[in-house]
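Counting begins at 1 with the first residue of the sequence.
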Amino acid sequence: MNQPTGSVYLDAPQPLRHQAPKTVRGVRRTLAGLLTLIGLVALSLTALLGGIHLVATNPDTIVEAVDKTLDDPAVQQELERELASAIESGLVGDEMSQVATAIGLDVTEEALRLAPIILADESFRAELETIIVTAHDQMLLNSSDTSIDFTAMTGAVVSVIESESPQLAQMLPADRQLYESTPDSLPDLTGPVSRFERMLLFTTLVSLALPLAGLLHPHYDRVLAWTGRWVLLTGLLAALAAIALPKVVGAVSGFRAAEVAVQTVSTRLLGPAALAGVIGMGLISVASVLANRRRNETSDHGAAHALGLSEPELYPMAQGPQIDLPKRGLVDVAHPLTNI
């Protein structure tokens, strides 16, 4: 029982604090933990699918990767060998190579000499970007039964050969192409890409389980702490993937070009990774402040209860003695009001 202290503030009547039963609080914690896990997994999938969808539907990202790949010295050596092989086998052919050898022209050496000049030609690079955008569109966005036309790229290559090596240009058949393409040469990925938007919408809606978990948990600061740690871990993993993924792709494929292309795309993960780290640390800090405030309030309430004191109201008001005139009965006006 509370003991009077002589203070109108501490002795003022206080409303009783009602807490939910422990069983109810335990059920709320369990449901909030499950909703938090579902929401965090959905949030991670949303970020992953959003990044893939952005790359898949944005050809400018692929063009940028190609430009940086062509400017890499190690990649240029690989592409020079590939282009020289394409000139020798695709444009010249075996028969004309034998004729060129008979007249003293080494087609292999001449193609290797011309390859860096062709790769540096602006017309060739423009046609290469056009073909890459077309291939990107057919594979991921708009499936087509037509094959990719390399006529314009072949024309750019032939133009350089005619200006740099007239003797080799005389060996080029009129109807040959640098590369041959068929409708089945490119994989059809339009189906999975078209489902990305529906999957993104679904995972975004499921991630709304996070605020619902915060409303359901008896101490919502714990949900903030879980979310902050998860976001921070996601940012660290994204930064690690941005650094390690190009190395893995290069080691698996064996091509420096693949490593540089993936690196160009993966470096875009560093910005979101840093932002995720900042958000995660912010959520953890806010959750820590809220948790400390809750523990202090609980400690103060427990100390007051142990001392037999009630916590004062936020703005207590001192009340003077009240006269219960309305509760008294009628009196005779002929007599003095001695009963007041």
Side-chain angles (χ1 to χ4, degrees), residues 51 54-56 58-92 97 100 105-136 139-140 148 150 152-169 172 177-181 185-186 238-274:
L54 180 63
V55 174
N58 187 11
D60 294 337
T61 303
I62 307 300
V63 172
E64 180 184 356
V66 171
D67 289 338
K68 291 188 176 181
T69 302
L70 293 177
D71 294 335
D72 187 89
V75 174
Q76 287 179 355
Q77 294 180 1
E78 293 179 354
L79 296 179
E80 287 171 7
R81 291 192 295 268
E82 293 292 332
L83 183 57
S85 177
I87 293 173
E88 184 178 0
S89 60
L91 285 183
V92 180
S97 295
L105 178 62
D106 191 338
V107 177
T108 302
E109 292 184 359
E110 190 66 11
L112 288 174
R113 184 184 71 86
L114 293 172
I117 302 175
I118 296 173
L119 288 176
D121 184 69
E122 295 295 333
S123 300
F124 173 80
R125 296 187 67 157
E127 296 299 334
L128 178 61
E129 292 179 357
T130 301
I131 289 178
I132 290 174
V133 172
T134 303
H136 176 273
M139 284 193 302
L140 302 177
I148 298 179
F150 289 93
M153 177 185 284
T154 303
V157 173
V158 171
S159 177
V160 174
I161 294 175
E162 289 177 347
S163 62
E164 297 293 334
S165 180
Q167 188 176 8
L168 180 61
L172 301 180
Q177 292 288 333
L178 186 65
Y179 294 102
E180 297 291 339
S181 175
S185 60
L186 296 177
L240 180 62
I243 298 173
L245 188 59
K247 302 295 183 182
V248 174
V249 173
V252 172
S253 64
F255 291 100
R256 170 67 179 174
E259 179 180 346
V260 175
V262 174
Q263 184 178 10
T264 303
V265 179
S266 65
T267 50
R268 298 192 173 190
L269 292 175
L270 295 177

Problem - Val92 side chain near Leu168 side chain, heavy-atom distance below 4.5 Å - result: yes

Fill in the blank from the handout: To the nearest 0.5 Å, atom CD of Glu164 lies from atom CD1 of Ile117 at 4.0 Å

Problem - Flag side-chain contact, heavy atom, 4.5 Å: Leu269 against Leu245 - result: no

Fill in the blank from the handout: CG (Leu128) and CG (Asp121) are apart, to the nearest 0.5 Å, by 11.5 Å

Exercise for the section: Locate the shortest heavy-atom distance separating Ala242 from Leu270; write the atom from each residue and the value. Expected result: CB-CD2, 3.7 Å

Exercise for the section: Just grab all the side chain to side chain donor-acceptor pair (under 3.5 Å) pairs involving residues 107-118, residues at least two apart or on different chains. Expected result: Glu88-Thr108, Glu110-Arg113, Glu110-Ser165

Residues 79-86 side chain polar contacts: donor-acceptor under 3.5 Å, at least two apart:
none

Practice task
Would you give the length of the straight line joining atom OG of Ser123 to atom CD1 of Ile118, rounded to the nearest 0.5 angstrom?
Solution key: 12.0 Å

Problem - Heavy-atom pair of closest approach, residues Leu91 and Gln177 - result: CD2-C, 3.9 Å

Problem - Thr267 (side chain) donor-acceptor with Gln263 (main chain) under 3.5 angstrom - result: yes

Exercise for the section: First locate atom CZ of Phe150, then atom OG1 of Thr134, and finally report the distance between them rounded to the nearest 0.5 Å. Expected result: 9.5 Å

